[in-house]
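Values in this document were obtained by computation on a predicted structure and should not be read as measured data. Each chain gets a letter, A, B and so on, in the order its sequence line appears, and its residues count up from 1.
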2 protein chains.
Amino acid sequence: MKKSGQVTIKDIAKELNISCSTVSRALKDFPGISPATKKAVIELADKYNYRPNAIALSLRNQKTNIIGVVIPETVHFFFSTVISGIEDAAMKEGYNVMICQSNENYDREGDCIDALMSARVDGVLVCISRETSDLAHLQKVVNDGTPMVFFDRLVEGMNASSVIVDDYQGAYDAVEHLIHQNCKNIVHLSGPENLIIGRKRIEGYSSALEDNNMPIRPEYIVECRNGTQEEAEAAMDKLIASGMPIDGVFASNDMAAIGALMAARKAGIKVPEDMAIIGYSDWQFSRMVEPALSSVSQPGYEIGKEAANLMLQEINQKEKQKSQIKILDTEVIVRASSNRNSA
Amino acid sequence: MKKSGQVTIKDIAKELNISCSTVSRALKDFPGISPATKKAVIELADKYNYRPNAIALSLRNQKTNIIGVVIPETVHFFFSTVISGIEDAAMKEGYNVMICQSNENYDREGDCIDALMSARVDGVLVCISRETSDLAHLQKVVNDGTPMVFFDRLVEGMNASSVIVDDYQGAYDAVEHLIHQNCKNIVHLSGPENLIIGRKRIEGYSSALEDNNMPIRPEYIVECRNGTQEEAEAAMDKLIASGMPIDGVFASNDMAAIGALMAARKAGIKVPEDMAIIGYSDWQFSRMVEPALSSVSQPGYEIGKEAANLMLQEINQKEKQKSQIKILDTEVIVRASSNRNSA
DNA sequence: TAGCGTGTTTCAAACGTTTGCATTTGTTTG
DNA sequence: CAAACAAATGCAAACGTTTGAAACACGCTA
C-alpha cells in the first residue's frame, strides 16, 4: 500500500511483480494477456481505486481533453447559462472545462489566455471583453494552431468561427414591437459601441424605424457603456427632464431597462401606458419586476452548446476548415412593460 | 520554425545547438550560464512566444496548480458569485480553477469527482448536491490525500474543513425581525431537510419563536424541496385556503419568497401590511420585485474566497492540520416586503 | 606536467502512460 | 530432439520539464 497519493500503474505492477506494459494492457483489455493476469490486475486496480493519470496521458497524447473558456464574468445570468451549455456539451464528449473570467478587462483577458495556453487546452472558447480591441493575444492562439471559437460577441478579421445571436434582428423585432404598440418617439439605450454587438443593435433599431417611415434622431440614441441600472437611470432622467416626448425605450440590456423603469416611476410616467419599455437578454429577474419587463431573449444555453460542439468538431478534424459564423435566433418576449393591448 | 503547436524547450535547444538543461536554466536565470547563452535563449523564447508546458511541469512536480470545484449549478446568482470569489483567490496565487456542475445530482457528482481526481487537481472545493447523503465518493478523495474543503453546505463526519454561513443565526435574525414587525403567525417555507443547512434554518426559526414566547406549530413548517417559485406558491395557496391566520413568512430562499408574494397577491393579501415576507440569499433580483423583497444576505464572494484560501493553505503545508469550520456572518436586509414601520 | 579550481555545459533520471518490437516461456510438430 | 510456433510478457522510447551529478575546457600554480 502507498503512503499517500493516488495509485499508479507502477504501483500495481510492483505489487503483482509484472511490468507496467502488462498492467496497462490488462486494464485496456488488450489481446494477448492471460485471463489470470487480467483478473488480478483489474481486481487490484479496483481495490486501490486506480484512476488513470490524466496528466501523464495528456503529455503522451499531446492532448489534454480540456477546453478553455474566457468569459467576461461568470456572475451574470446570461453568461452562467452559456457556461452551463458548454459544460454539458463538453462533459458529454469526455472533456473538462477550464474557466477564466476576464472581468471585462483587457489585461486580465491576456492573462487568462496565457494561463490556458500554458495548460495546453485543446481549444479556447472566448467572449471578448468590452475593453478589447487589439487582438494580438488572440492571434497568437490561432498561430499556435489551437482552435478558437468566439461566442456571443462577434470578432471579425480573424480565422476563427463564431456563435452569436442575430442582434440586428433582435433589435429590429424589439423596436418594431414598440412601433406596433403605437410608440412614436423611441429611445435606444445602447451598449458600448466598440462591440460589434452594440453596433448591430443600433442598426436594427435604425432599420426598424426607417422601414416604418419614422425619423432616426441621433439624440434618441444614448450610449450606456457599463450597462448598469444607475447609468441608464441617470441617462433617462436627463432625457425626461429635457422635455422630449419619449414614449418608448429599447434598452440594450435588462439592467438598463430597469433603470429606465425606475426613472419613469420617479417622474410619474406610467409604464406601459405613457412609456413602453423593452430590454435585452431576458434575465431571470426580468419577469419578476413590476411591471414585468419585456425583453429580447437570447438562447444562452444553446449558444454555449453550439460553441462547444463547433469547438469539438474543429478539434477532431486534422485539417482546418474554413471558419463559419453560426447565428442563433432571438425571441421577443412581451410582458407588461410594453404591452398596451391588454392595458 | 515548427510546423504547428507551441514551441518547447527542445525546439529552442535544437535551434541553438545546446542542451535542454541549459535552455531551462537560462530561462530561469540560474547561475552558471554565460551571459551570451542566456541572452540568445531568452531572445529566441520571446520570438517564438514560448510558454512552459504546464502538463509536463505537473507531471514532474506532482502538482497541477489546479483546484477543482464541484458545484450544484453555475447558473444561480449565489453560486456564480462564489465561483467568482474562488477564481480571484486562486488566480492571485497562480492557480487555475476547474469547475464541474453536479446539477444537484448524486451520480453526476460522482462523475465530477472522478474527472477532477483523474485530472490530479491539487484539491477540491465541493458544495454537495441536494441528493447526496452517501459520502463514499468524497471519502475516497481524502483517503488519497487530496485536500478537500466544503463550502456553503456543511458536511459532518469527515476530516475536511468547511466554510459556511451561520444559517442558524441568519434564520433566527430573520424570524426575530418578523416578530419585531408584530407578526404573530409565522410560516417557514423550509428547504430540503437532508441538508444540514435546511435543518439549521428550522432550528433558528424555532429558537426565535421560543425565545419570544411564541408557540412552534409544526403545521407552519412546510418543506419546499425544490425551492422553486411554483412549489412555494402552491404551498402558500394551500395554507391561505386553509384559513390559518398567517401574517408572516420566512422562506428559505428568495425564489420561494417570491412564490409567497405571488400567492399573497392572488389572494388579495397586502404585503407587508397583512403579511410580511422575508427570503434568504439576497439574490440580485430581490431588490427589484415589487414590493422589494427583504432577505438574509449571504456573502457569496467571501465564501468562495475563504474556501479557496483555506484550500491553498492546506495545499501548502505538508502536515495535515485539524480540519476547521469557518462561519461567515449573514445580514438581514430589510426592504419593503417586511417593513411595516414606514408603511 | 600534473594538479587544481572555476566557469560553463551536458548527461541522465524522474514524473505516468502507451505501444512497436523483442524476448521469454511452453507446446507442438517434423 | 531440434525446430517451429503461439502465447504471454518485458523492454525501451517518447511526451516536456527540472535538477543533482558528472564532464568539459580553460587558465593558473606548484
Chemist: Quick one: what's the B/S/- string for nucleotides 19-27 of chain C, heavy-atom cutoff under 4.0 Å, read 5' to 3'?
Modeler: BB-------
Chemist: Over how many whole Å does the gap from A/K38 atom NZ to D/dA7 atom C1' extend?
Modeler: 12 Å
Chemist: Please say whether more than 12 non-hydrogen atoms of neighbouring residues, nucleotides or ligands are located less than 6.0 Å from NZ in A/K92.
Modeler: no
Chemist: Under 3.5 Å, side chain of A/N96 to main-chain N/O of A/I66, donor-acceptor pair present?
Modeler: no
Chemist: What is the separation between atom CG on A/L27 and atom P on C/dT18, rounded to the nearest whole Å?
Modeler: 8 Å
Chemist: Please collect all side chain to side chain donor-acceptor pair (under 3.5 Å) contacts where either partner lies in residues 52-61 of chain B, sequence neighbours excluded, each pair once.
Modeler: none
Chemist: Rounded to whole Å, please give me the gap between CD in B/Q6 and C1' in D/dC15.
Modeler: 14 Å
Chemist: OP1 or OP2 of C/dT9 less than 4.0 angstrom from a side-chain nitrogen or oxygen of B/S34, does that happen here?
Modeler: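 For B/S34, the contact criterion (side-chain N or O under 4.0 Å from OP1 or OP2 of C/dT9) is met.
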Chemist: Please work out if B/I55 contacts a base, only the sugar-phosphate, or nothing of the nucleic acid, heavy-atom cut-off 4.0 Å.
Modeler: nothing
Chemist: Is any side-chain N or O of A/T37 closer than 4.0 Å to OP1 or OP2 of D/dT9?
Modeler: yes
Chemist: Figure out the CG/P separation between A/L57 and D/dA14, and round it to whole Å.
Modeler: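 It is 19 Å, rounded to the nearest whole Å.
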Chemist: Through what angle, rounded to 10 degrees, does the axis of the helix from C/dT1-D/dA30 to C/dG30-D/dC1 turn between its ends, using five pairs per end?
Modeler: 100°
Chemist: Kindly say if B/Q62 contacts the phosphate of C/dG16, meaning a side-chain N or O under 4.0 Å from OP1 or OP2.
Modeler: yes
Chemist: For the pair made of CD1 in A/I9 and P in D/dG10, what is the distance, rounded to whole Å?
Modeler: 13 Å
Chemist: Would you kindly compare B/A56 and B/N17 by the position of their nearest DNA chain C nucleotide and give the one closer to the 5′ end?
Modeler: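 Closer to the 5' end of DNA chain C: B/N17.
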Chemist: Given D/dC15, is OP1 or OP2 found less than 4.0 Å from the side-chain N or O atoms of B/K10?
Modeler: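 Indeed, a polar side-chain atom of B/K10 lies that close.
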Chemist: For B/D29 and D/dT19, what is the distance between atoms CG and P respectively, to the nearest whole Å?
Modeler: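 It is 14 Å, rounded to the nearest whole Å.
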Chemist: Without decimals, in angstroms, what is the distance between B/L59 CG and C/dA14 P?
Modeler: 13 Å
Chemist: For A/D11 and C/dG16, what is the distance between atoms CG and C1' respectively, to the nearest whole Å?
Modeler: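 Nearest whole value for this atom pair: 10 Å.
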